[in-house]
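To start, the structure under review is shown below, and the notes come after it.
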Amino acid sequence: MIKNWDKFLLPYEQAVQELKIKFRSIRKEFRDTDEYSPIEFVTGRVKKISSIIEKARIREIPFDNLEELEDIAGIRIICQMVEDIDKVVKLIRNRNGKDLKIVEERDYINNIKESGYRSYHIIIKYFVHTAFGEKEIFAEIQIRTLAMNFWATIEHSLNYKFDKNIPDDIKMRLKNAAEAAFMLDKEMSKIRDEIVDAQELFIIKSSLIAKILKKVQLLYFSGNFDNIDKIQKEFQDIREKGSVEELRNMNRKLEQLMQKYYLEEQ
Ligand code: 0O2
Ligand code: 0O2
């Protein structure tokens, strides 16, 4: 039987277009509200006819049941950091039973494939309305980091080039390269965490410094010059080298001094 491929692929093409728009708009919404987006970019493709035929042959799927293939429609969501993958998975789970149905989740991040491949796959069922009627189809969503994507893209094209006959020693080197890419992911996450911690510390310190400054000024302008030189000197030292704890102590000390003089902050 000669299959009408155009008609067969139509719902898959539509699903890919719709899902790309949906996930890209999540990214846009985060960015428009100045929030960090766990989605860096989204791509999608309909599987090539030759790959569909090959996969069906290997899986012994009859030509009339090609709908059984789960990845004819494929969406790829690329994240900056490993932690973002979990956020994207949760976003998709929140839609379960609404505009899509989750059929299966495959965690190839905690269960790395033999090749070294890492990604989180979610198989969904997705409803499309075409000019020729309605249809529920399978689609595969792959969620991975930029580093995982870098590795998988090159490994996939090497496999394609060598017709899946990559020599064992090269396979081992590719596996090692996958580990190196994952180490890079981990290091980037660590660097980000350290920057966030440093930023948070800076915000806490800046706020305490502002509070202390206000109290010193109030004490000064209210004419209570007791120890004001000593206080200013202490403040200079703590401001430059002090810990959050030292700044908190000084703030408390000034609070007590203000109470002594019946002063109140406006
Ligand atoms: P934006 O605002 O940059 O996200 P289309 O269906 O025509 O919209 P198509 O043909 O699927 O898109 O495009 P493709 O090649 O899949 O690219 C998808 C989006 O991901 C594009 O953004 C790319 O700029 C962006 N992108 C960023 N980095 C990469 C990368 O390393 N690889 C790929 N493939 N894409 C990347 P938009 O949609 O133009 O707009
Ligand atoms: P395409 O269109 O070339 O991307 P199977 O294909 O039988 O191994 P299964 O059970 O159908 O696997 O689904 P699985 O493993 O959850 O997902 C298959 C898809 O994941 C592949 O699609 C790849 O896109 C990706 N993938 C899985 N393993 C690897 C790997 O070792 N290296 C790379 N680069 N990608 C992998 P296809 O079938 O290759 O189709």
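This chain uses plain numbering: 1 for the first residue, then up along the sequence. Read the numbers this way: they start at 1 and go in the same order the structure lists the ligands and their atoms. This is a predicted model, so every value here is computed, not measured. Computed from heavy atoms alone, side chains included, the values below leave out hydrogens, waters and symmetry copies.
- Taking every heavy atom of both residues into account, Lys205 and Gly242 meet most closely at NZ-O, 3.1 Å.
- If you look at Asp71 next to ligand 2, the close heavy atoms, those under 4.0 Å, all belong to the side chain.
- Listed by number with element, the atoms of ligand 2 under 4.0 Å from a non-hydrogen atom of Lys55 are 6 (O), 11 (O), 38 (O).
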> Which is it for Tyr220 and Gln232 under the side-chain hydrogen bond (donor to acceptor under 3.5 Å, both in side chains) test, yes or no, and what are the steps along the way?
Replying inline: CA-CA 10 Å; Tyr220 184 83; Gln232 273 176 336; over 6 Å; no
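- Comparing heavy-atom distances from atom 35 (N) of ligand 2 across Tyr117, Trp151, Tyr108, Tyr120 singles out Tyr117 as nearest.
- More than 12 heavy atoms of other residues, nucleotides or ligands shown are found within 6.0 angstrom of CZ on Arg106.
- Between the choices Arg144, Lys164, His121, the shortest heavy-atom distance to atom 20 (O) of ligand 2 belongs to His121.
- Close approach of ligand 2 to Ala152 (heavy-atom distance below 4.0 Å) involves ligand atoms 34 (N).
- With a 4.0 Å cut-off on non-hydrogen atoms, Arg76 touches ligand 2 through its side chain and not its backbone.
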> For Glu255 and Arg252, what are the C-alpha separation, side-chain angles and deciding distance, and is it a salt bridge (Lys or Arg N to Asp or Glu O under 4.0 Å)?
Replying inline: CA-CA 5 Å; Glu255 236 160 47; Arg252 242 175 263 133; over 6 Å; no
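- Of all atoms in ligand 2, numbered sequentially from 1 with element shown, those under 4.0 Å from a heavy atom of Arg45 are 1 (P), 2 (O), 4 (O).
- Salt-bridge formation is not detected for the pair Arg239/Glu246: no Lys NZ or Arg NE/NH1/NH2 atom is positioned less than 4.0 Å from an Asp or Glu carboxylate oxygen.
- In this structure, atom 8 (O) of ligand 2 lies nearest to the protein heavy atom Lys113 NZ, 3.5 Å.
- At a 4.0 Å heavy-atom cut-off, ligand 2 does not touch Arg118 at all.
- Geometric assessment of Lys125 against the ring of Phe138 yields a positive cation-pi assignment under the 6.0 Å and 45° thresholds.
- Those atoms of ligand 2 that come under 4.0 Å of a heavy atom in Ser115, given as number and element, are 30 (C), 31 (O).
- Using a 30° and 60° split on the angle between ring planes, Trp5 and Phe8 fall in the perpendicular class, above 60°.
- In terms of protein heavy-atom proximity, atom 13 (O) of ligand 2 is nearest to Arg106 NH1, 3.3 Å.
- Contact atoms of ligand 2 toward Lys47: 1 (P), 2 (O), 37 (P), 38 (O), 40 (O) (distance under 4.0 Å to a heavy atom of the residue).
- With distances taken over non-hydrogen atoms, the option nearest atom 24 (O) of ligand 2 out of Lys48, Gln142, Glu70 is Gln142.
- The local environment of CE in Met188 is sparse, with at most 12 non-hydrogen atoms from other residues, nucleotides or ligands closer than 6.0 Å.
- When the options His156, Glu140, Glu155 are ranked by their closest heavy atom to atom 18 (C) of ligand 2, first place goes to Glu140.
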>> Walk me through whether Asp229 and Lys233 qualify under salt bridge (Lys or Arg N to Asp or Glu O under 4.0 Å).
In response: CA-CA 6 Å; Asp229 288 342; Lys233 167 100 187 43; over 6 Å; no
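- Of all protein heavy atoms, the one closest to atom 9 (P) of ligand 2 is Arg59 NH2, 3.2 Å.
- In this pair, His121 and Tyr108 present their aromatic rings perpendicular. The plane angle is above 60°, beyond the 30 to 60° band.
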